[in-house]
Chemist: 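Here you go, one structure.
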Amino acid sequence: MPDYNPDETDCIILNILEENGRESLANIAKDAGMSTAAVGRRIRKMVDSGVIRKFTIERNEAGAIVLVSVDAEHDTAQISEMLSQSLGIKTVYEITGQYDIACIIRAAAIPEINDRIDELRRTPGVADTNTVIILRRV
C-alpha cells in the first residue's frame with residue numbers, strides 16, 4: 001500500500017463522504033470546486049492507499065453501550081475476543097478505568113438489546129456490567 005497523505009481538498013472530500021457516503025460525485029465536485037473526474041480519481045487514490053478503508057451504511061437501530069468488568073481469573077484479551085464474535089455486538093474496546101471492556105451493541109429493538117446483554121452477562125469471566133441505552137446520535 002503506497003504512502004499517501006491527504007491534502008486539504010482530500011479532507012473536504014472525506015468530510016462530505018463521512019456525512020453522506022452516498023453523495024454523488026457531481027455534488028462533491030461542486031462543493032470541492034473541482035471536476036467530477038478529479039473527485040473520482042482522488043477517491044480512488046484514497047481507497048487504494050488505505051486512507052478510506054471501507055464504505056458502510058448506518059441503520060436505524062436501537063443501541064447500547066455495555067461496560068464490562070472481567071474477573072481476575074480470566075484474561076481480558078480472551079474475553080474481548082470472545083465478545084467480539086457475539087451476535088449483536090458490533091464493536092469491542094479494551095479500556096482503562098473501573099471497567100475493562102466497552103461493547104457497542106446494536107439490534108432492531110430494545111427487547112433484542114436486552115437479550116444480547118443477558119447473553120453477554122453469562123459469558124464466563126464477566127464479573128460485572130454497566131449498561132447505557134443510546135437515545136440518539138448527534
Side-chain angles (χ1 to χ4, degrees):
M1 180 174 3
D3 288 332
Y4 181 76
N5 293 317
D7 63 15
E8 188 175 328
T9 303
D10 291 333
C11 290
I12 291 169
I13 294 168
L14 289 168
N15 288 335
I16 293 167
L17 288 173
E18 283 177 341
E19 276 297 310
N20 180 4
R22 293 181 50 119
E23 188 64 74
S24 71
L25 290 181
N27 286 340
I28 295 170
K30 179 181 163 200
D31 291 345
M34 55 192 333
S35 73
T36 302
V39 168
R41 282 192 303 275
R42 283 178 175 261
I43 291 172
R44 228 176 353 269
K45 191 171 188 178
M46 287 188 282
V47 169
D48 291 345
S49 69
V51 171
I52 297 175
R53 291 188 306 184
K54 65 181 177 178
F55 294 88
T56 186
I57 62 167
E58 183 177 297
R59 298 188 299 189
N60 188 14
E61 301 176 297
I65 301 168
V66 182
L67 301 173
V68 178
S69 288
V70 175
D71 67 34
E73 293 82 41
H74 288 81
D75 179 48
T76 299
Q78 289 177 342
I79 301 298
S80 297
E81 184 61 35
M82 193 180 332
L83 292 175
S84 73
Q85 304 303 315
S86 298
L87 180 66
I89 297 180
K90 299 299 180 190
T91 310
V92 175
Y93 301 100
E94 290 182 11
I95 60 174
T96 63
Q98 180 180 353
Y99 294 93
D100 304 301
I101 300 169
C103 298
I104 308 298
I105 297 178
R106 295 279 181 196
I110 295 297
E112 190 178 342
I113 292 278
N114 287 337
D115 292 343
R116 300 295 166 250
I117 293 167
D118 288 343
E119 289 173 26
L120 184 152
R121 288 181 176 145
R122 288 191 293 271
T123 302
V126 171
D128 185 35
T129 63
N130 184 1
T131 302
V132 293
I133 299 297
I134 298 169
L135 298 177
R136 70 184 176 109
R137 180 178 176 177
V138 181

Chemist: Has D100 got a side-chain atom pairing as donor or acceptor with T76's backbone, closer than 3.5 angstrom?
Modeler: no
Chemist: Under 4.5 Å between side-chain heavy atoms, hopping through other hydrophobics if needed: is there a path connecting F55 to L14?
Modeler: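 Shared cluster, yes.
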Chemist: List the steps and the verdict of side-chain contact (heavy atoms from CB on, under 4.5 Å) for T131 and R121.
Modeler: CA-CA 11 Å; T131 302; R121 288 181 176 145; 3.8 Å; yes
Chemist: So which heavy atom on V51 is nearest to which on P6, and how close?
Modeler: CG1-CG, 3.8 Å
Chemist: Which value, rounded to the nearest 0.5 Å, describes the distance between L120 atom CG and M82 atom CE?
Modeler: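 Those atoms lie 10.5 Å apart.
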Chemist: Roughly how far, to the nearest 0.5 Å, is CD of E112 from CD1 of I110?
Modeler: 10.5 Å
Chemist: Roughly how far, to the nearest 0.5 Å, is OG1 of T123 from CG of D118?
Modeler: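 Going from CG on D118 over to OG1 on T123, the span is 11.0 Å.
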Chemist: Can you name the side-chain hydrogen bond (donor to acceptor under 3.5 Å, both in side chains) partners of S24, sequence neighbours left out?
Modeler: N27
Chemist: Report yes if the side chains of I134 and R106 come closer than 4.5 Å at any heavy-atom pair, otherwise no.
Modeler: yes
Chemist: If I take atom CG from residue D71 and atom CG from residue D128, how far apart are they, to the nearest 0.5 angstrom?
Modeler: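 If I round to the nearest 0.5 Å, the distance is 11.0 Å.
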Chemist: Could you check whether any side-chain heavy atom of V70 comes within less than 4.5 Å of a side-chain heavy atom of E94, counting everything from C-beta outward?
Modeler: no
Chemist: Quick check: do R116 and L87 have side-chain heavy atoms less than 4.5 Å from each other?
Modeler: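 A side-chain contact under 4.5 Å exists here.
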Chemist: Could you tell me whether the side chain of E81 reaches within less than 4.5 Å of the side chain of Q78, counting heavy atoms only?
Modeler: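 They are not in contact (no side-chain heavy atoms under 4.5 Å apart), so the answer is no.
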Chemist: So how far is it from S80 OG to I89 CD1, rounded to the nearest 0.5 Å?
Modeler: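 These two atoms lie 10.0 Å from each other.
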Chemist: Look at the side-chain heavy atoms of Ile, Leu, Val, Met, Phe, Trp and Tyr, link any pair under 4.5 Å apart, and say whether I117 and Y99 land in one connected group.
Modeler: no
Chemist: Cluster question for you: counting only ILVMFWY and a side-chain heavy-atom cut-off of under 4.5 Å, with indirect links fine, are V47 and I12 together?
Modeler: yes
Chemist: Check the surroundings of atom CG in N5: do more than 12 heavy atoms from other residues, nucleotides or ligands lie under 6.0 Å from it?
Modeler: no
Chemist: Taking the side chain as everything from C-beta on, heavy atoms only, tell me whether L67 gets closer than 4.5 Å to I95.
Modeler: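 Side-chain contact under 4.5 Å: yes.
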Chemist: What is the distance from atom CE of M34 to atom OG1 of T36, rounded to the nearest 0.5 Å?
Modeler: 10.0 Å
Chemist: Honestly curious: do I104 and I113 fall in one hydrophobic cluster under the side-chain, below-4.5 Å linking rule?
Modeler: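 In one cluster with I104: I113, no.
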Chemist: Would you confirm whether D31, through its side chain, and I28, through its main-chain N or O, come within 3.5 Å as a donor-acceptor pair?
Modeler: no
Chemist: Testing the basics here: between C103 and I101, what is the closest heavy-atom pair and its distance to 0.1 Å?
Modeler: SG-CG2, 3.8 Å
